[in-house]
Amino acid sequence: MSRKYNFYAGPATLPLPVLEQIREEIVDFKNMGMSIIETSHRSKEYEEVHNDAASLIKELLGVPDNYQVLFLGGGATLQFSMVPMNLLKGERSCDIVLSGSWAKKAYSDAKKLGKVNVLFNGEDKSFTVLPDPAGVKPGNGSSYVHITSNETIQGVQWKDFPDTGDVPLVADMSSDIMSRPIPVEKFGLIYAGAQKNMAPAGLTVVIIRDDLVERSPDDLTAYLSYKVHAEKNSLYNTPPVFCIYVLKLVMEWVKKQGGISAMEELSKKRASVIYKAIEESDGFYRCPVDPSYRSDMNVVFRLSTEELEKKFIQEAAGKEMIGLKGHRSVGGCRASIYNAMPIEGAERLVEFMKEFSRKNR
Ligand SMILES: *Cc1c(COP(=O)(O)O)cnc(C)c1O
């Protein structure tokens with residue numbers, strides 16, 4: 001078997017030991033005589049997996065007791081609607097930091113549901129910068145402040161988070177959750193599509209503070225209400241059981257590697273070798289992002305022409321490095337280096353980058 005180095009932004013690479021364990025268990029889970037994805041979501045075997053997955057998230061991230069972990073469907077995209085539907089109260093407004101493509105999508109949906117105030121807009125700088133967290137202050141009558149901790153497409157990442165006082169801070173952490181310690185207590189709600197750093201596509205993890213669960217309006221339909229999911233331990237309807245099972249295995253893997261601080265150390269290592277290669281390339285490669293906000297998860301870079309970028313991506317694929325094409329909306333190259341990317345993948349990429357620049361200068 002030969003596994004490629006997979007730099008796709010999502011769905012993304014998963015730890016090999018996890019894939020092997022899935023293969024081992026998929027036909028017969030713990031002598032049940034059936035698979036975990038065939039059993040009822042009300043069975044005691046599934047319930048254990050479900051609860052363990054949530055407990056592991058709490059343990060690894062140090063989630064305080066007054067928060068709940070919810071498992072939902074609909075991707076991070078559904079949260080662009082659910083957050084305003086549940087948290088935006090009547091005539092009040094919410095605040096948003098427009099940091100990149102994902103924040104723009106969150107903004108576009110929130111606007112359809114209520115008043116949205118833009119605190120910062122990075123668009124005129126092509127989303128290469130972020131605001132100083134100390135300057136991010138909620139507006140008058142704000143229900144919450146929304147940020148995107150890591151912009152997967154533009155490769156910008158918050159290094160510190162704003163302090164929004166009594167106004168809940170809400171974060172889309174789809175592409176960097178579990179990659180570094182986060183002060184969960186600073187946030188009212190955190191959500192993340194699982195397919196970047198945690199599990200296969202089809203699951204969204206929501207971490208929500210108890211008092212915000214109480215905000216869900218009673219006239220919301222059931223699936224759209226955080227309160228309904230929280231009261232039923234994310235078993236109001238059939239949850240994405242396969243994803244939650246894999247999530248549990250990935251969380252066990254993270255724990256075995258040394259937890260979130262070990263993940264952070266590795267992610268800084270991976271990112272720094274690639275950024276260093278860019279900086280030392282004498283302009284052959286160029287990262288447009290302000291060095292203070294460069295993402296440790298998605299490294300975006302350009303070459304001098306689109307033809308050269310195409311050639312780079314093609315030749316890398318010939319050397320078992322897949323998924324280096326930038327998002328179709330922005331072009332260029334992007335190396336997504338999530339938790340499951342071994343350091344060897346980053347080193348191999350850097351080796352190739354050096355060789356390619358020598359040959360094509
Ligand atoms: C991938 C991504 C999304 C969209 O997730 P879906 O699961 O496809 O809805 C939203 N926000 C960020 C930051 C992402 O990286």
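Counting from 1, the numbers follow the sequence of the chain as shown. Whatever order the structure lists ligands and atoms in, that order sets their numbers, starting from 1. Just so it is clear, the model here is predicted, and its values are computed rather than measured.
For the side-chain contact (heavy atoms from CB on, under 4.5 Å) test with Arg334, the passing option among Thr152, Leu324, Val299 is Thr152; the others fail.
For the residue pair Ser142 and Asp95, a side-chain donor N or O sits within less than 3.5 Å of a side-chain acceptor on the partner. Side chain to side chain, Lys159 and Gln157 meet the donor-acceptor criterion of an N or O pair below 3.5 Å. Defined by atom type and a distance below 3.5 Å, a donor-acceptor pair is missing between the side-chain atoms of Glu231 and Tyr236.
Surrounding CG of Asn140 are at most 12 heavy atoms belonging to other residues, nucleotides or ligands under 6.0 Å away.
Near ligand 1, Gly75, Ala76, Thr77, Phe80, Trp102, Thr148, Asn150, Thr152, Asp172, Ser174, Ser175, Gln195, Lys196 each place a heavy atom less than 4.0 angstrom from the ligand.
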Kindly determine whether Phe301 and Tyr275 satisfy ring pair (Phe, Tyr, Trp, His ring centres under 6.0 Å), including the steps that lead there. CA-CA 9 Å; Phe301 55 98; Tyr275 285 122; 9.0 Å; no

